[in-house]
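Written out below as structure tokens is the structure these notes cover.
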Amino acid sequence: MVAFRRWHVAALASLAIFALACEAGAGGGGGSDPDPTGPPAKGYPSSMAALGDSITAGFGSCGAFLVCGRNSWSTGTADAVDSHYLRILAKNPKIRNKARNFARPGASANSLPAQASQAVDMKAQYVTILIGANDACAPTPAGMTSVAAFRRDVDRALARLKKGLPRTSVLVAAVPDLYRLWQLGRNDPEAVRAWARFDTCPSMLADPTSTDESDDQRRRQVRARINDYNDQLGQACGKYGKRCRFDDDVHESGFSLDQLNQVDHFHPNVEGQAELADVTFSPRFPY
């Protein structure tokens, strides 16, 4: 379900030129902030930051190969998504226009500390983190980020947040289940063609229709590594303390191919982003 692969730098540079067109264009029903009334709900944050990769950036959710932040499950403004930002805004008008999305397509765990520093600089009172699938989506399983290196980068990012924003609530979401994505899409001709065309997450999705033992073993290796990443995310969040909440629902909840965009059959569409917002949001603030 997720939008995580190792995108070519040159392609990303060209896509960035068109990102604003998507931000102002299609995708999601409406895009205006609600006009909350009454006093702010107690404990709700007045600013927030989103850290992560292409799924949090909203990549592909406008029906084109573009970043579309308005549809982000975390900080988006599209009514059809009902992001964390919009849910908080409905309770606390002070957060209006104080949500920043620092997530970038292609980002892996080693990008997280720099993104955390950006959140500290803006003094975010709520931070969401969804990272890790790019670490698993290597050309081969041998190229995946090691569990130790992944944990080191996550710890560095969380340490920056805790030092710079000790009272901030932090959500750490689990890495989505790419093995389930393969199971759902392996018999779908359009998905198979798209994965081959865009060389999508080859460690998991190369030769998706193959039943060879070597290909099955490769996919099981990636699934095991993602499970290891999620174990480390949960442990790191626990070590952080009560201000951090680990949410495994992104990995455990079911999803369908209908929640993926029809361009690459990999990144979530508006419905997929809405599902992510719903399964990860908790109205209990502060953590």
*With no hydrogens and no angle check, do the side chains of Ser46 and Asn92 hold a donor and an acceptor under 3.5 Å apart?*
yes

*Can a donor-acceptor pair be found between the side chains of Trp73 and Thr280 at a distance below 3.5 Å?*
no

*Quick one: sort the Phe150 and Tyr229 rings into parallel, tilted or perpendicular, breaks at 30° and 60°.*
parallel

*asked:* Give me each pair satisfying side-chain hydrogen bond (donor to acceptor under 3.5 Å, both in side chains) with a member in residues 212-221, each pair once, sequence neighbours excluded.
replied: Ser210-Asp215, Glu213-Arg220, Asp215-Arg218, Asp216-Arg220, Gln217-Arg220

*Just checking, any donor-acceptor pair under 3.5 angstrom between side chains of Asn134 and Ser108?*
no

*asked:* Please enumerate all residues that pass side-chain contact (heavy atoms from CB on, under 4.5 Å) together with Ala274, with sequence neighbours excluded.
replied: none

*Check whether any side-chain heavy atom of Leu161 lies under 4.5 Å from a side-chain heavy atom of Val127, and answer yes or no.*
yes

*Assess the side chains of Ser117 and Arg160: does a donor N or O sit below 3.5 Å from an acceptor N or O?*
yes

*Is any side-chain heavy atom of Ile95 closer than 4.5 Å to a side-chain heavy atom of Met48?*
yes

*How about Gln115 and Ile129: do any of their side-chain heavy atoms sit closer than 4.5 Å?*
no

_Mutual orientation of the aromatic rings belonging to His267 and Phe59 [parallel < 30°, tilted 30-60°, perpendicular > 60°]_ = tilted

*Beyond-backbone contact of Lys162 with Leu158, side-chain heavy atoms, under 4.5 angstrom*: no

_Pair Asp228 + Arg151, salt bridge at N-O below 4.0 Å_ = no

*If two hydrophobic side chains count as joined below 4.5 Å and joins carry through other members, does Leu181 share a cluster with Val192?*
no

*asked:* For a 4.5 angstrom cut-off between non-hydrogen side-chain atoms, does Ser72 reach Tyr85?
replied: no

_Option among Ile88, Leu171, Asp82 that satisfies the side chain to side chain contact (heavy atoms under 4.5 Å, CB included) test with Phe281_ = Ile88

*asked:* If the test is side chain to side chain contact (heavy atoms under 4.5 Å, CB included), which one of Val154, Asp247, Asp248 qualifies with Leu233?
replied: Val154

*asked:* Quick one, Thr75 and Arg100 - any side-chain contact, counting heavy atoms below 4.5 Å?
replied: no

